[in-house]
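Just so we're on the same page: letters track the sequence lines, and every chain starts at 1. A quick note: this is a predicted structure, and the numbers were derived from the prediction, not measured.
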There are 2 protein chains.
Amino acid sequence: MPERNFGVINLIKFWRYGNIGLHQARENVQLGTHNEARFAQMTSTARAEPGPTYADENIQRIPIHQQVYQQLRELILFGELTPGQPVTIQGLVSELGAGMTPVREAIRRLTSEGALEFQGNRRVCVPTPDASSIEELIVARRALEPELAARAARNATAQDIRILNEIDLRLDQAIAKGDVGTYLRENYAFHAKLYEMAKSPILTEIADGLWLRFGPSLRVVCGRMGTQNLPDQHKEMMDALRAGDAERTAKAIEDDVVQGMEQMRQAMEMR
Amino acid sequence: MPERNFGVINLIKFWRYGNIGLHQARENVQLGTHNEARFAQMTSTARAEPGPTYADENIQRIPIHQQVYQQLRELILFGELTPGQPVTIQGLVSELGAGMTPVREAIRRLTSEGALEFQGNRRVCVPTPDASSIEELIVARRALEPELAARAARNATAQDIRILNEIDLRLDQAIAKGDVGTYLRENYAFHAKLYEMAKSPILTEIADGLWLRFGPSLRVVCGRMGTQNLPDQHKEMMDALRAGDAERTAKAIEDDVVQGMEQMRQAMEMR
DNA sequence: CACTTGAAAATTTGATCATATTCTAGACGG
DNA sequence: CCGTCTAGAATATGATCAAATTTTCAAGTG
């Protein structure tokens with residue numbers, strides 16, 4: 001059972017078992033009080049240093065509903081929550097020490113992104129995609145990712161390429177070590193970086209949202225298969241990128257996406 | 001205190017001028033009380049008959065946050081709100097007689113769908129798409145709509161085709177009469193019906209969401225240009241559909257989408 | 001007698017609101 | 001023109017009520 005309070009960002013890892021918010025110990029875990037909650041990236045990965053490091057500038061209160069949203073988003077994105085798992089408002093409230101309204105707002109947002117599912121009877125849970133959902137996701141990603149990759153290639157700076165390369169290195173290590181969690185995060189980071197480079201906010205938002213729909217399943221599948229034969233077509237893509245060849249970059253990403261998604265589909269059909 | 005209850009559905013027509021909720025007459029308009037607010041379509045068009053028609057079955061309370069969401073959604077979708085217009089929580093609260101929490105939830109949902117924009121300083125407004133946004137929307141719609149149309153064609157029943165045809169007739173009449181409001185609604189209805197036929201919930205949700213992003217602009221453009229030279233490539237599409245030719249249906253829809261969006265882009269650039 | 005079934009009580013959770021607190025933008029005075 | 005102040009708008013909480021789920025318990029059935 002959880003014992004410590006790491007600030008909101010770190011603490012939700014403990015869930016993942018059972019109905020969120022019910023069968024866990026009720027720690028006096030608390031969201032940062034108003035003076036502690038400070039600026040953080042809108043995007044994803046939380047910094048490891050929540051200390052009193054908020055130097056001077058850029059100090060901006062980050063609203064609680066935003067914090068809750070981000071955390072919940074990551075839990076789903078990286079499969080910390082399993083498909084079918086119920087997510088209750090009250091659970092989150094007591095788990096996070098936040099009020100109902102912000103929790104509610106976060107849940108609505110995630111629901112409208114397809115990351116959570118409204119069950120009809122006022123309840124919300126993590127969706128369990130079926131075969132046809134996966135098929136739709138393949139179509140959607142296949143349509144969007146190559147376009148984004150091509151745009152990224154056209155805008156790529158040396159700096160961008162270096163960062164991508166670093167991510168890919170960590171990705172390789174994670175695969176070698178069989179570290180599923182890191183694999184998932186770095187793999188996402190790789191694509192997210194490409195999105196960022198594409199400088200196309202709308203397309204990015206859509207493509208990014210798709211991850212939420214298969215994140216939980218991806219985790220389950222990887223957990224069963226291990227990381228060994230996971231796809232990493234990124235090498236060819238990096239070559240194309242360095243060569244400044246947008247078409248080839250797009251094609252490489254398409255292959256990566258299709259292979260990864262097909263693998264997931266097959267793994268899910270097996271059960 | 002409120003005197004009549006029309007059900008939330010009918011009442012918001014009053015806005016559309018100025019900052020929502022501020023400079024309007026304060027109708028004593030009120031959200032349905034708990035026992036009055038009853039089941040309605042999750043989708044779009046509200047039935048005209050809110051009377052005590054909730055016969056026996058299917059009587060289900062529709063949550064206020066849901067009602068607020070739907071209304072706000074339609075206001076945006078059909079250009080009742082202009083780009084740049086601020087949308088305030090308090091405004092909606094006093095206009096609708098709803099509490100803050102449900103209004104808040106509705107706004108969060110719409111924000112995460114791109115229908116509203118968070119301005120950084122706790123304010124929310126209807127976004128004003130720039131040229132590059134439009135370009136992205138074209139790419140996205142061009143990728144999704146033909147796919148959906150092809151799927152629709154494969155599933156089409158005689159009944160479906162008849163309904164589509166009726167919608168298209170009303171569309172023609174609206175164009176002839178120069179009735180922009182009806183044009184917008186029927187045009188949307190046409191595509192929405194296709195989505196429904198495609199039976200692909202995820203792709204549909206994405207494609208449907210895009211309408212929210214250009215709805216307000218579309219209204220502005222149509223208002224300036226009149227309805228005369230608006231696109232309606234639906235005839236060719238209907239032929240293809242009746243012939244059961246999915247490819248041709250997809251192509252026709254692609255033309256329709258591209259032409260419509262390009263026209264909007266040009267009209268917007270003119271100013 | 002074991003087992004299913006059913007209905008009502010008890011408990012958990014969701015929905016909504018009223019209220020307190022924190023921010024922001026714009027007015028006002030220097 | 002710039003800093004200060006103030007009205008009002010947003011954020012966040014906890015209370016309250018309604019709905020749904022679970023539990024309880026006993027009657028009915030094979």
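- For the pair Glu135(A) and Arg151(B), the salt-bridge criterion is met [side-chain N within less than 4.0 Å of a carboxylate O].
- Between the C1' atom of dT16(C) and the OH atom of Tyr69(B) lies a distance of 20 Å, rounded to the nearest Å.
- The interatomic distance linking Glu95(A) (CD) with dT13(C) (C1') rounds to 15 Å, in whole Å.
- When rounded to the nearest whole Å, the span between CZ of Arg122(B) and C1' of dG26(C) equals 16 Å.
- Between Glu105(A) atom CD and dC17(C) atom C1' the separation is 15 Å, expressed in whole Å.
- We find that CD of Gln119(A) is positioned 13 Å from C1' of dG14(C), with the value rounded to whole Å.
- Using a 4.0 Å cut-off between charged side-chain N and carboxylate O, Glu205(B) and Arg213(A) make a salt bridge.
- A salt bridge is defined here as a Lys NZ or Arg NE, NH1 or NH2 lying under 4.0 Å from an Asp or Glu carboxylate O, and Arg73(A) with Glu80(A) fails to meet this definition.
- Positionally, the nearest nucleotide of DNA chain C for Met100(A) lies more toward the 5' end than for the other of Asn121(B) and Met100(A).
- If you measure from atom CD1 of Ile64(A) to atom C1' of dA20(C), you get 14 Å, rounded to the nearest angstrom.
- With rounding to whole Å, Ile89(B) atom CD1 is found 14 Å from dC17(C) atom P.
- As judged by a 4.0 angstrom heavy-atom cut-off over every strand, Pro63(B) is placed among residues touching the sugar-phosphate backbone only.
- For Arg123(B) and dG8(D), the shortest distance from a side-chain N or O to OP1 or OP2 is not below 4.0 Å.
- Residue Arg104(A) is in base contact, counting any heavy-atom pair closer than 4.0 Å across all strands shown.
- Here the CE-CD distance, from Met100(A) to Gln90(A), works out to 4.5 Å after rounding to the nearest 0.5 Å.
- For a distance-only test at 3.5 Å, the side chain of Gln90(A) qualifies as a donor-acceptor partner of the base of dG14(C).
- Atoms CD (Gln66(A)) and P (dT22(C)) sit 20 Å apart, rounded to a whole Å.
- One distance of note links CD1 of Ile76(A) with CG of Leu212(A); it measures 6.5 Å at 0.5 Å rounding.
- With dA9(D), dA15(C), dT13(D) as the choices, the nucleotide that has an atom nearest any side-chain atom of His65(B) turns out to be dA15(C).
- Taking only distance into account, the side chain of Thr101(B) never meets the base of dT16(C) through a donor-acceptor pair shorter than 3.5 Å.
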